[in-house]
Amino acid sequence: MDDKLLEKLADEYGTPLYVYDGELIQNRFHRFQSAFSELDAKVCYAYKANSSLAICALLRELGAGADCVSIGEVLTALKVGVNPRDVIYTSNSKTDEELSVALAAGVNITHDNLDELEVMAGIARKKKKQARVSFRVNPDINPRTHPKISTGLKESKFGLHFEKDLAFNAYKKACKMDYIRVAGLHCHIGSQILDAGPFVEAAKKMMAFAFRLKKELGTTLDYIDFGGGLGIPYKKDKKLEPKELAKAIVPEIKKGLRNLGYQPAIVFEPGRYIVGEAGVLLTRVNSVKKTPYKKFVNVDAGFNTLLRPAMYEAYHEVKVVGKKDQQETYDIAGNICESGDILAKNRKLPKIRKGDLIAIMHAGAYGMSMASTYNSRPLPAEVLMRGKKTDLIRERGIQEDLHWKQKIPEDLA
Ligand code: LLP
């Protein structure tokens with residue numbers, strides 16, 4: 001994004017500000033989709049990466065379905081006009097009420113345990129409405145990424161294990177239930193994966209399992225969902241293009257499909273790959289402080305605005321807008337009252353002064369969607385650029401938001 005434009009947007013809308021490049025989102029969506037065109041794969045964008053309405057609407061416009069992890073995300077998908085058949089609702093823990101809403105909405109429901117399946121069957125029977133369900137399986141694969149975002153390990157809380165036939169028995173049970181249509185098979189092994197190997201392992205296990213379901217239970221699935229997880233080059237040294245990923249896994253999937261002898265739809269749920277690189281977080285320098293050990297740049301954003309560095313030791317490239325030569329080494333310190341609130345460590349950057357504008361790159365995924373009002377700081381604003389057009393898609397939060405829905409008991413007022 002052009003430095004002059006970033007300055008202009010920061011002046012116009014204030015900071016901290018998330019700015020998204022809609023054309024890059026479109027480019028990434030098409031790149032992903034075309035990489036898997038041989039399979040005619042359905043791309044269900046993972047809303048958790050960025051569930052701002054305008055971003056979801058843009059992706060719906062491009063033809064994306066929705067991977068949702070809460071009823072909130074399901075309702076967002078329906079609000080922006082995604083067909084309920086293209087909505088996949090996956091969560092390890094759903095209330096009975098949430099299951100009821102999902103059934104009424106007519107979305108695909110992924111179960112992660114048998115208690116939930118029983119409840120779902122009960123509700124479906126009562127409402128005389130068929131539920132389209134799938135199970136998330138635990139393929140016991142190490143995706144070789146950060147432990148907090150590895151989900152397919154055998155110790156993980158997610159999925160039903162192949163071991164001890166836990167997954168198989170769930171299908172066996174579901175097949176016999178009234179008002180339950182066994183529609184899919186789901187897995188998601190982790191996030192920010194830059195190595196095709198674990199995806200290939202997962203694909204093999206999934207296709208073999210689908211074969212077993214057909215052979216032993218006669219089950220034919222409507223779809224097989226391989227989840228998301230494709231990483232992006234936060235550091236320029238390593239990346240995995242969708243085309244390379246496809247080259248590695250499409251032959252496995254095709255082989256599996258030939259064995260199956262029927263044609264389920266193939267689904268992927270990328271989140272980060274679609275929106276991650278397209279977002280920049282703009283933050284203004286409040287002050288610069290030299291200590292005997294370090295130089296800190298205090299900015300007006302913190303881990304309430306971008307949690308990734310504090311939560312996952314994540315690296316985000318940092319630029320000083322409008323300045324070039326790298327002369328000094330700084331830590332970019334957030335404004336949250338915690339020592340862990342460092343947005344970037346030991347970065348060689350141009351000489352920074354109060355008032356400079358800092359751009360934190362690759363902040364489009366899991367930035368705004370994980371933002372909070374911790375330390376009583378209202379949420380940032382968001383802007384979507386498409387070519388020369390810029391739209392404010394979320395107004396900056398205000399003080400009143402922080403007190404919204406709170407009550408002071410009369411005797412304390
Ligand atoms: N499908 C399911 C079931 C998921 O749990 C996830 C991500 C995705 C798809 C999308 O994965 P992606 O393509 O974006 O890697 N907050 C963390 C990432 C958590 C990912 C959780 N699940 C971060 O900032 O790195």
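Note that these values count all heavy atoms, side chains included, but never hydrogens, waters or copies made by symmetry. Whatever order the structure lists them in is the order used to number ligands and atoms, beginning at 1. Just so it is clear, the structure is predicted and the values come from calculations on it, not from any experiment.
For atom 21 (C) of ligand 1, the nearest protein heavy atom (residue, atom name, distance) is Lys48 CD, 3.8 Å. The nearest heavy-atom contact from the protein to atom 9 (C) of ligand 1 is Asp67 OD2, 3.2 Å. Closest to atom 15 (O) of ligand 1, if we only count protein heavy atoms, is Ser191 OG, 2.4 Å. The protein heavy-atom contact nearest to atom 17 (C) of ligand 1 is Tyr312 OH, 3.1 Å. At the shortest separation from atom 20 (C) of ligand 1 among protein heavy atoms lies Tyr366 OH, 3.5 Å. The shortest contact between atom 24 (O) of ligand 1 and any protein heavy atom is with Arg308 NE, 2.6 Å. The shortest contact between atom 5 (O) of ligand 1 and any protein heavy atom is with His188 CD2, 3.4 Å. Atom 1 (N) of ligand 1 has Glu269 OE1, 2.6 Å as its closest protein atom, hydrogens excluded (heavy atom only).
Annotation: cation-pi geometry not satisfied between Arg396 and Tyr13 (NZ/CZ under 6.0 angstrom from ring centroid, within 45° of ring axis).
Counting the atoms of ligand 1 from 1 in the order shown, those under 4.0 Å from a heavy atom of Gly271 are 12 (P), 13 (O), 14 (O). Against a heavy-atom cut-off of under 4.0 Å, Pro270 is close to the following atoms of ligand 1: 13 (O).
Checking only distances, Gly190 never comes within under 3.5 Å of ligand 1, N or O to N or O. Inclusion of Arg272 in the set of residues having an N or O under 3.5 Å from an N or O of ligand 1 is warranted. Considering backbone and side-chain atoms together, Tyr273 places no N or O closer than 3.5 Å to any N or O of ligand 1. Inclusion of Arg136 in the set of residues having an N or O under 3.5 Å from an N or O of ligand 1 is not warranted. Residue His186 places no N or O, backbone or side chain, under 3.5 Å from any N or O of ligand 1.
Contact between Ala49 and ligand 1 is absent, with no heavy atom of the residue lying under 4.0 Å from the ligand. Residue-ligand proximity: Met370 is placed with a non-hydrogen atom under 4.0 Å from ligand 1. The closest approach between any non-hydrogen atom of Gly229 and ligand 1 is below 4.0 Å.
Tyr315 has its ring centre no less than 6.0 Å from the ring centre of Tyr234. Ring centroid separation for the pair Tyr45 and Tyr47 comes in under the 6.0 Å cut-off. Between Tyr366 and Tyr312, the distance from one ring center to the other does not fall under 6.0 angstrom. Outside the 6.0 Å centre-distance limit, the rings of Phe162 and Phe168 are not counted as a close aromatic pair.
Checking Ser287 against Asn298 by side-chain atom types alone, a donor-acceptor pair falls below 3.5 Å. Checking Thr329 against Asn346 by side-chain atom types alone, no donor-acceptor pair falls below 3.5 Å. Between the side chains of Thr90 and Arg136, no donor N or O sits under 3.5 Å from an acceptor N or O.
Between Phe32 and Phe36, the ring planes are tilted. Angles from 30° to 60° get that label.
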Cut-off 3.5 Å, no hydrogens considered: what does the side-chain donor-acceptor table look like for residues 121-132, sequence neighbours left out?
from: Lys129; atom 1: NZ; to: Leu103; atom 2: O; distance (Å): 3.0
from: Lys129; atom 1: NZ; to: Ala104; atom 2: O; distance (Å): 3.2
from: Arg132; atom 1: NE; to: Asn108; atom 2: OD1; distance (Å): 2.8
from: Arg132; atom 1: NH2; to: Gly106; atom 2: O; distance (Å): 2.9

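Other residues, nucleotides and ligands contribute over 12 non-hydrogen atoms within 6.0 Å of the NZ atom of Lys323.
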